[in-house]
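Whatever order the structure lists them in is the order used to number ligands and atoms, beginning at 1.
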Amino acid sequence: MVNWSNMDTLGAYNALTKVAKVDLTEVMSGENGAKRVKEMTVPMGAGLNYNYASKQVNEEVLDCLAKLAEEAQLVDKYEALYNGEVVNTGEKRLVLHQLTRGQLGNDVMADGVNKREFYANEQARIAEFANKVHAGEITNAAGEKFTTVVQIGIGGSDLGPRAMYLALENWAKKNNAFKMEAKFISNVDPDDAAAVLNSIDVAHSLFVLVSKSGTTLETLTNESFVKDALKKAGLDASKHMIAVTSQTSPLAKSSDYLAAFFMDDYIGGRFSSTSSVGGAVLSLAFGPEVFADFLAGAAEEDLLSKNKDLLKNPAMLDALIGVYERNVLGYPCTTVLPYSQALSRFPAHLQQLDMESNGKSVNRFGEAINYKTGPVIFGEPGTNGQHSFYQLLHQGTDIVPLQFIGFRNNQLETDVDIQGSTSQQKLCANVAAQIVAFACGKKDDNANKNFAGNRPSSIIVGDKLTPKALGALLAHFENKIMFQGFVWNINSFDQEGVQLGKVLAKKVLAHETEGALKVYSDLLNI
Ligand SMILES: O=P(O)(O)OC[C@H]1O[C@](O)(CO)[C@@H](O)[C@@H]1O
């Protein structure tokens with residue numbers, strides 16, 4: 001049995017608050033800095049590495065973090081989760097997204113079925129469907145092949161799959177795995193759907209309606225928008241649309257779809273990229289084999305997360321360093337900086353993954369807690385971000401821990417040598433330069449040009465962004481967020497904070513408003 005206690009009751013946490021702080025301007029300079037970069041690295045799944053040399057940690061801090069991991073029973077809680085304990089206490093649900101990509105522990109039986117078999121079966125059904133679409137066995141009414149897949153969904157039913165698609169689009173084109181172009185409609189802003197519809201040939205498009213609940217206002221509105229466009233084009237919408245939903249949702253039994261694929265309430269929206277939610281669009285776009293590789297990368301990372309040795313468990317190490325930064329060093333934000341254009345929407349996905357999971361003020365029993373929880377997450381690909389918000393990161397009054405991601409090789413393998421270096425080398429040179437600039441700073445008599453340094457970062461490094469590497473990268477962050485939720489003793493798997501706004505928006509649309517809400521409604525001409 002695991003013991004769920006608030007972080008501030010743990011002896012190891014209190015010991016951590018008393019440890020002397022590490023100054024990166026000292027430890028990262030000279031030979032010592034070089035030694036740290038060589039040694040402070042942990043293998044992740046799929047050949048990636050988590051390097052934490054430029055974090056404000058030393059042996060003493062790491063020792064305290066290891067004790068915290070043990071006292072908070074982080075790996076035991078992970079085991080309880082994948083073995084089917086009701087870890088999502090708010091909604092009284094199991095948390096099974098790791099089961100969509102492998103089997104870590106016992107068979108989990110719920111709703112009268114073996115859950116691993118259920119997820120595997122849905123994956124196999126999707127693979128069969130995708131193969132038939134690619135082979136021209138499932139076509140439009142005119143017997144012509146579908147060329148485009150359009151996902152309609154929002155939040156977890158959009159961000160992860162969209163980020164993963166963009167991450168692999170160029171890789172697939174280079175590796176003969178590009179089957180269909182994918183587009184995404186998420187916002188209820190009518191210009192979003194209209195712009196996508198204007199950019200495609202609807203007669204050759206297959207729409208994937210994704211909503212776990214089957215009740216999300218934006219998604220249902222966009223479904224009607226698309227159906228209207230199909231009708232106007234003289235097409236039968238039910239021959240152009242599939243659904244991905246839970247078996248209990250209103251969409252599940254509808255005859256409006258060519259096919260329906262399922263996940264369930266044990267897969268949180270933001271954790272659903274490796275379920276049918278990501279599976280349908282990614283298998284259609286790149287083929288089921290590519291999706292299977294992506295799952296294999298995630299499974300490798302899930303396995304590493306079982307390791308009780310902190311220095312062999314990259315997600316747990318990253319999580320605990322993050323807790324140290326948030327609660328002891330007092331840093332309010334974390335920025336995600338992929339030096340890879342393919343990961344352009346990865347920070348947006350992590351915003352939901354992290355902030356919807358750990359933006360909580362009560363513990364898992366609904367009691368107020370006295371310490372900070374999830375940081376604000378934001379990010380942009382490098383080097384674009386350097387020319388945007390890095391000024392504040394280097395010289396602003398807040399210290400923002402940085403999570404770099406970099407690859408030694410680009411996906412398309414096209415490059416040019418200009419002034420003695422390739423574009424890829426320039427990209428990578430900038431990551432290395434930024435890490436050292438942030439850590440070591442630079443003294444200058446002109447205060448305006450002075451860099452205080454001591455700004456912590458870590459880097460996840462890989463050879464190339466492949467489907468497997470992407471799966472490992474995704475699972476690393478999912479597991480990091482899970483471990484942080486365990487330390488903070490919060491429920492990372494519900495999201496009650498998104499409900500109030502939805503309720504008030506319904507009132508506005510029903511014209512049941514008063515006070516400030518009425519005046520704002522009038523201001524916006526509703
Ligand atoms: O898949 P659904 O049920 O349409 O939900 C979409 C998104 O809405 C949310 O519930 C937030 O409003 C997310 O957690 C979820 O990913």
Undergrad: Specify whether F346 and F477 have parallel, tilted or perpendicular ring planes, treating 30° as the upper limit for parallel and 60° as the lower limit for perpendicular.
TA: perpendicular
Undergrad: Could you walk me through whether D158 and R162 pass the side-chain contact (heavy atoms from CB on, under 4.5 Å) test, one step at a time?
TA: CA-CA 6 Å; D158 166 66; R162 189 196 292 251; 3.1 Å; yes
Undergrad: Taking the six-membered ring for Trp and the full ring for Phe, Tyr or His, determine whether the centres of F486 and Y78 are under 6.0 Å apart.
TA: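 Here the rings of Y78 and F486 have centres that are no less than 6.0 Å from each other.
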Undergrad: Please name the pair of heavy atoms, one in S275 and one in S272, separated by the smallest distance, quoted to 0.1 Å.
TA: OG-O, 2.7 Å
Undergrad: Sort out the contact shell of ligand 1: every protein residue with a heavy-atom distance below 4.0 Å, listed by chain and number.
TA: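 For ligand 1, the contacting residues are I154, G155, G156, S157, S211, K212, S213, T216, G269, Q352, E356, Q495, V498, K502.
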Undergrad: Among F271, Y266, Y119, Y82, which residue meets the ring-ring contact (aromatic ring centres under 6.0 Å, His included) test with H97?
TA: F271
Undergrad: Is R93 paired with D494 through a side-chain N to carboxylate O contact shorter than 4.0 Å?
TA: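 The answer is no: the pair does not qualify as a salt bridge.
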